[in-house]
Amino acid sequence: MSDVPVQSSFAFGKPQRRNIVIEAGAGTGKTTAIVAEVLRLLLGDESLLPERIVLVTFTEKAAGEIADRIHEALTELELRFDSGDDIAWPIGSATPLFTVAPADREAARRACAAQLGRIDSLRSQTIHAFCQSLLRQFPIEAGLDPQFTIIEGFERSLLYGEAYDAWIDDETRVHPTAEARYDWEVLLEHVGYLFLIRNIILSLIDRRDLLLDDTYDPGALDLVEHELLIAIERLRACEADSVSGICEYLRTNPSPTRGSSIDTWLAYLKPIANDIRTNHLPKGKNGTAFNASLRVLRAAESTGNSVYDRLAGHRAALSLLSMTRRFLKFLDEEKRKRGVVDFDDLLLRTRDVLAGEEVVERVRGQFDFIFVDEFQDTDRIQAAIIDRLARDRSGAFVEGKTVVVGDPKQSIYGFRRADPETYDAFTRDLIGAGAERRIITDQYRSDPPLLAAVNAIFTELFSDAGYDVNVFRPAYHRLRAA
């Protein structure tokens, strides 16, 4: 594997059993690269059935376009075989992506005719359509009605609203619990209005992949409690006029012991919460020693902040998380009764059903190759599905089964949960397991002067200057006018 940007050309023949990661910017021919790889598979093996290939794309339009281009390419190649001319594709290109050697011509011709007759069975579809097809096969294992229907738009919003109202009644009247009562009291105190709580919970539903992740840790009081106790002890000796009220309160009121609840700490800090927000840091030699401690109580450098507000917000967030998870459980049961799912359910249910070894082995046996286009727009649930299917029973990537194509610099669908870091993690794993990394830099849409300007700008933007190691930022590969 080489990180050097290249525009590759490949000889025709039996496909090498190696996974591929293709990184290509706008206008560099990503779709053409996918079509070329599919053609090499189909023409290299007459016995390969098109339905053994899965093409996952981002939109239905893109799925149709790729399928059409493969069909058109096979038609062009069939005419080319009949003409007796040399076989290279793309036809007429100065840099073809594959060629057919004279010794392979007859076998490729027969394969082309055979594949053209059955190419309509090629599985080119969106990730949601792909997941739906799997769930139709395993509805019982997925806990679904075999005749489930998909709801979206107004129907989805109506169901969610009805379920929310029924859930509140269940929480507060039908099956009240001490936990539910506490959470509602905390959130009402923090937010103030029931309609705002409704808006927040319903907006969080779109991130159920995180809400239901047991490995997600929202943090705990013990992360700050040690520093808080040290700061209080130091401030008790403070004589500065600007914070004398805070210091006096701390001297006369014992602080909570280590391991106290967040409610205990909030009750302790509430009487001085406003003083912490508004009082200025002590000045002069005598005050300097206490500035760091007051900053701990302020949880910030500037006025207007207080650790009380931070802790209250954290407590409200924990209650909100608990409430939203209970609502999701209630909502899932309501959808089960009605025999409906939404698009998020298609992904989550597929991920969960593929966790079973028996099911995933049956699914893996249904196809030999999986292509994923626009992989930079994949969210972590979608990536988990692809990852599960790309591996074998031992957990190793199957050689030559997976091809992902994308450009992390074009990841613009964050509102749909697209996650560039997911792209980075998955492709790193694939390359680390021996996948070929192919970087396409020949660009076919723009003139040299425009690309020169683009290269100058993006080389600067993606430089190492001011780089935050905690934020994923892809490398920039200079484009070349083709």
Participant: For the backbone of Ile150 and the side chain of Arg156, can you confirm whether one donor and one acceptor N or O come within less than 3.5 Å of each other?
Facilitator: no
Participant: Closest heavy-atom contact between Leu211 and Leu204?
Facilitator: CD1-O, 3.2 Å
Participant: What do the steps show when you test Arg277 against Asp309 for salt bridge (Lys or Arg N to Asp or Glu O under 4.0 Å), and what is the final call?
Facilitator: CA-CA 9 Å; Arg277 296 187 196 102; Asp309 301 324; 2.8 Å; yes
Participant: Might you point out which heavy atoms bring Thr172 and Pro176 nearest each other, and give the distance in Å?
Facilitator: O-CB, 4.0 Å
Participant: Under 3.5 Å, is there a donor-acceptor pair linking the side chains of Arg326 and Ser322?
Facilitator: yes
Participant: Under 3.5 Å, is there a donor-acceptor pair linking the side chains of Ser261 and Asp263?
Facilitator: no
Participant: Does Asn455 use its side chain to pair, donor to acceptor, with the backbone of Leu451 at less than 3.5 Å?
Facilitator: yes
Participant: When Ile381 is tested against each of Leu210, Leu348, Thr350 for side-chain contact (heavy atoms from CB on, under 4.5 Å), which residue passes?
Facilitator: Leu348
Participant: Taking the six-membered ring of Tyr193 (Phe, Tyr or Trp), confirm whether the NZ or CZ of Arg198 is under 6.0 Å from its centre and within 45° of its axis.
Facilitator: no
Participant: Apply ring-ring contact (aromatic ring centres under 6.0 Å, His included) to Phe472 and Tyr423, showing your working.
Facilitator: CA-CA 10 Å; Phe472 166 65; Tyr423 169 95; 7.1 Å; no
Participant: Verify the distance criterion only: is there a donor paired with an acceptor across the side chains of Gln366 and Gln137 at less than 3.5 Å?
Facilitator: yes
Participant: Does Arg173 pair with Asp169 as a salt bridge, N-O distance under 4.0 Å?
Facilitator: yes
Participant: Parallel, tilted or perpendicular: which fits the ring planes of Phe426 and Phe375, with parallel below 30° and perpendicular above 60°?
Facilitator: tilted
Participant: For Lys409, is there an ion pair with Glu23 - N to carboxylate O distance below 4.0 angstrom?
Facilitator: yes
Participant: Side chains of Asp275 and Tyr249 only: does a donor on one sit below 3.5 Å from an acceptor on the other?
Facilitator: no
Participant: Ion pair present between Glu155 and Arg338, side-chain N to carboxylate O less than 4.0 angstrom?
Facilitator: no
Participant: Taking the six-membered ring of Phe367 as reference, does the NZ or CZ atom of Arg52 fall below 6.0 Å from its centre and within a 45° cone about the axis?
Facilitator: no
